[in-house]
Amino acid sequence: MTSKVEIFDTTLRDGEQSPGINLNAKEKVEIAKALERLGVTTIEAGFPVASPGDFEGVRAVASEVGCRVAALARAVPKDIEAAARALENAKSPVIHTFIASSPIHMKHKLHLEPDAVLKKAVEAVALAKKSGARVEFSAEDATRSDWEFLKEMAIAVIEAGADVVNIPDTVGYTMPWEYEKLIQYLIGNVPGFTREKDPVILSVHCHNDLGLAVCNSLTAVKAGARQVEVTINGIGERAGNAALEEVVMALNVRKDQYQLETDIVTTRLYQTSRLVSSLTGYPVPKNKAVIGENAFAHESGIHQDGVLKERSTYEIMTPESVGYPKSRIVLGKHSGRHAFKKRVEELGYTLDEAELERAFARFIALADRKKTVDDKDLEAMLFAEATESVATFELVNMQVLSGEDAMALVKLKRLEENGDEKLIVEAAAGEGAVDSVYKALERAVGLEVRLLEYQIGATTHGTDSFGEVMVRIQCGDQTYLGRGVHSDVVRASAEAYLQALNKVLLEQRQDRSEKGGTDFS
Ligand code: KIV
Ligand code: ZN
């Protein structure tokens, strides 16, 4: 047995399956670069056959990072072929193919007998292996499957060439002691897991429906699993997946229990968590373990006194060990490019020169109006750069007559594909200022969408704080996130909406140009 646990991060695949999250290729690359710096072994970047956007996301990540990149595929040839194509530029490609193994899934979802499922699993692994990629096989809903059947399946897919066999708790159903026994049973009865030369890795993947995802993952590691599938901030289908930061810090803080290492640079956990939260629009609860705002806050006098005397009285890990900032760094209008760039990198963003220049110009404009610019202001500003390189529409200005029967006039600049610019002016009436602006923007852009979520807050404390608006809109069956920051909250609302509308247009353009290549049915 090795003394290493591999961290397989599925933030960009299972995490992205959280309701309302839809990351475009640029956002996926930004997160993937942060994950690579964090030290994950594998980044699962998406499900290429699912949509042109997913395909492009996997291809973009595969071209930009050097660590292993995985693509998900059902156990059918067209999925596996799409995954292989999306991974063409990957330095270390991984095809992750899966089929359900539980009676309930085989009967009601697949409508297949166990023998037919086994055959499909073997064929899928053999086909994926032919592409030259590393192959992971997952027995979906493994924890509600017959153990004997699971064992047979694991033996068969290993024979077909699987390098990793994953035993997911797909619906977050298992109890820690059951999972421990299952993992022990498989390790004891599937020779591939313990063979001397190139042992197959037993992987685990836990969902959090009963709040046990992290506990189950750790239990499985204790029982011999050597890959854990996790997401940043625990985002994922339904109640989410096991949180990377919690699994890693438990292995770290309780090394006495596990005697196992990961390659994670724990001092990057906090910034990676913030980046993912910002780009997905999923806030991190204040009391979230390891990286929540209160994770190191000591409220009661007794605790404060204890920590002041000796930190270890109430702290089992230090804030520094997870990259938690000691103090909030503030920049002002006299901060130069160098300080700005350094802070941008510390916040986990990797902008190219042009993006950095644009962000710096925004920063200077903001710093002119606001005494100090802190991390929250910067994050809102950087979101614009990380989310899209070129916006089709820019807001030039707007005028609003507020009240119940409000009227808005918006002036937009449209950037044509040939580089020309065109001014568009539209007006609309609405129920209140924001509604009228949103109607005018939709008219100007030529889209009709549904507003799913509208959140307004302040970037910092104090009277010179800016309004920050986050919107999630729906167009077709996809959702898009937008953010806006401005001293005028109606303007911030407009910018957030326009950013989300620009993302819809970007995706529509990509869909048109990519649809020819792959069958996404
Ligand atoms: O939860 C699950 O079973 C999955 C598989 C595709 C691994 O996400
Ligand atoms: Zn899952």
Side-chain angles (χ1 to χ4, degrees), residues 6-19 21 40-51 54 58 68-76 79-80 82-83 86 94-106 108-110 117 120-121 124-125 128 133-145 149-150 153-154 157 162-174 179 182-183 186 200-214 216-217 220 225-244 247 280:
E6 298 193 350
I7 301 294
F8 177 109
D9 181 279
T10 182
T11 305
L12 300 178
R13 199 278 297 169
D14 222 336
E16 210 229 6
Q17 285 173 220
S18 310
I21 299 184
V40 307
T41 317
T42 308
I43 295 173
E44 185 165 48
F47 189 4
V49 86
S51 70
D54 238 318
V58 175
R68 284 189 194 138
V69 177
L72 188 68
R74 288 166 301 182
V76 292
D79 285 34
I80 293 167
V94 181
I95 295 182
H96 177 190
T97 186
F98 72 100
I99 194 164
S101 55
S102 65
I104 191 165
H105 276 228
M106 290 192 287
H108 299 290
K109 191 180 81 173
L110 299 175
V117 172
K120 274 182 172 286
V125 169
R134 181 180 171 85
V135 177
E136 169 166 335
F137 172 78
S138 282
E140 193 189 12
D141 204 19
T143 52
R144 293 191 298 169
S145 304
F149 180 59
L150 256 190
M153 203 174 212
V157 294
D163 302 285
V164 180
V165 176
N166 185 34
I167 306 297
D169 184 27
T170 303
V171 289
Y173 176 76
T174 197
Y179 205 37
L182 172 60
I183 302 303
L186 291 170
V200 171
I201 291 187
L202 191 152
S203 172
V204 289
H205 173 118
C206 298
H207 279 270
N208 208 28
D209 300 66
L210 292 172
L212 292 170
V214 169
N216 283 334
S217 303
R226 287 296 173 265
Q227 176 175 285
V228 197
E229 305 199 354
V230 284
T231 61
I232 298 288
N233 301 337
I235 59 172
E237 279 274 359
R238 306 180 310 278
N241 290 56
L244 180 150
V247 169
T280 57

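Atoms within each ligand, like the ligands themselves, are counted from 1 in listed order. Only heavy atoms go into these numbers, but all of them, side chains included; no hydrogens, no water, no symmetry mates. What you are looking at is a predicted structure, and each value in this text was computed from that prediction instead of being measured.
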- Could you tell me whether the side chains of D169 and T143 share a donor-acceptor contact shorter than 3.5 Å?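 Yes, T143 and D169 have a side-chain donor paired with an acceptor closer than 3.5 Å.
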- Hey, are S101 and E140 close enough side-chain-wise for a donor-acceptor pair under 3.5 Å?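 No pair is found: no donor N or O on one side chain lies under 3.5 Å from an acceptor on the other.
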What does the N/O contact table under 3.5 Å look like for ligand 1?
{"residue": "ligand 1", "atom": "1 (O)", "partner": "H205", "partner atom": "NE2", "Å": "3.2"}
{"residue": "ligand 1", "atom": "1 (O)", "partner": "H207", "partner atom": "NE2", "Å": "3.0"}
{"residue": "ligand 1", "atom": "3 (O)", "partner": "T170", "partner atom": "OG1", "Å": "2.6"}
{"residue": "ligand 1", "atom": "8 (O)", "partner": "R13", "partner atom": "NH1", "Å": "3.4"}
{"residue": "ligand 1", "atom": "8 (O)", "partner": "R13", "partner atom": "NH2", "Å": "2.9"}
{"residue": "ligand 1", "atom": "8 (O)", "partner": "D14", "partner atom": "OD2", "Å": "3.1"}
{"residue": "ligand 1", "atom": "8 (O)", "partner": "H205", "partner atom": "NE2", "Å": "3.1"}

- Query: Shortest non-hydrogen contact from A73 to A83?
  - Reply: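 In this case the closest contact between A73 and A83 is CB-CB, 4.2 Å.
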- Could you pull out the closest heavy-atom pair between A121 and M153, with the gap in Å?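 Scanning both residues completely, I find the closest heavy atoms to be CB-CE, 4.1 Å.
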- Query: Which is it for L182 and I167 under the side-chain contact (heavy atoms from CB on, under 4.5 Å) test, yes or no, and what are the steps along the way?
  - Reply: CA-CA 9 Å; L182 172 60; I167 306 297; 3.9 Å; yes
- Around the Zn ion (ligand 2), what protein N, O or S atoms are found below 2.8 Å?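 Short answer, with waters excluded from the count: D14 OD2, H205 NE2, H207 NE2.
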- Query: For the atom pair CD (E237) and CG (D209), what is the distance rounded to the nearest 0.5 Å?
  - Reply: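 Atom-to-atom, E237:CD and D209:CG are 9.5 Å apart.
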- Taking I99 as the fixed residue, which of V157, V125, L110 is the one that meets the side-chain contact (heavy atoms from CB on, under 4.5 Å) rule?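 The passing option is L110.
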- Message: Please check: side-chain N/O of N216 versus main-chain N/O of T174, any donor-acceptor pairing under 3.5 Å?
- Response: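 Side chain of N216 to backbone of T174, a donor-acceptor pair under 3.5 Å: yes, one is there.
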- Task: Decide, yes or no, whether a salt bridge links E44 with R68 under the criterion of side-chain N to carboxylate O below 4.0 Å.
- Result: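 Salt bridge between E44 and R68, a charged N being under 4.0 Å from a carboxylate O: no.
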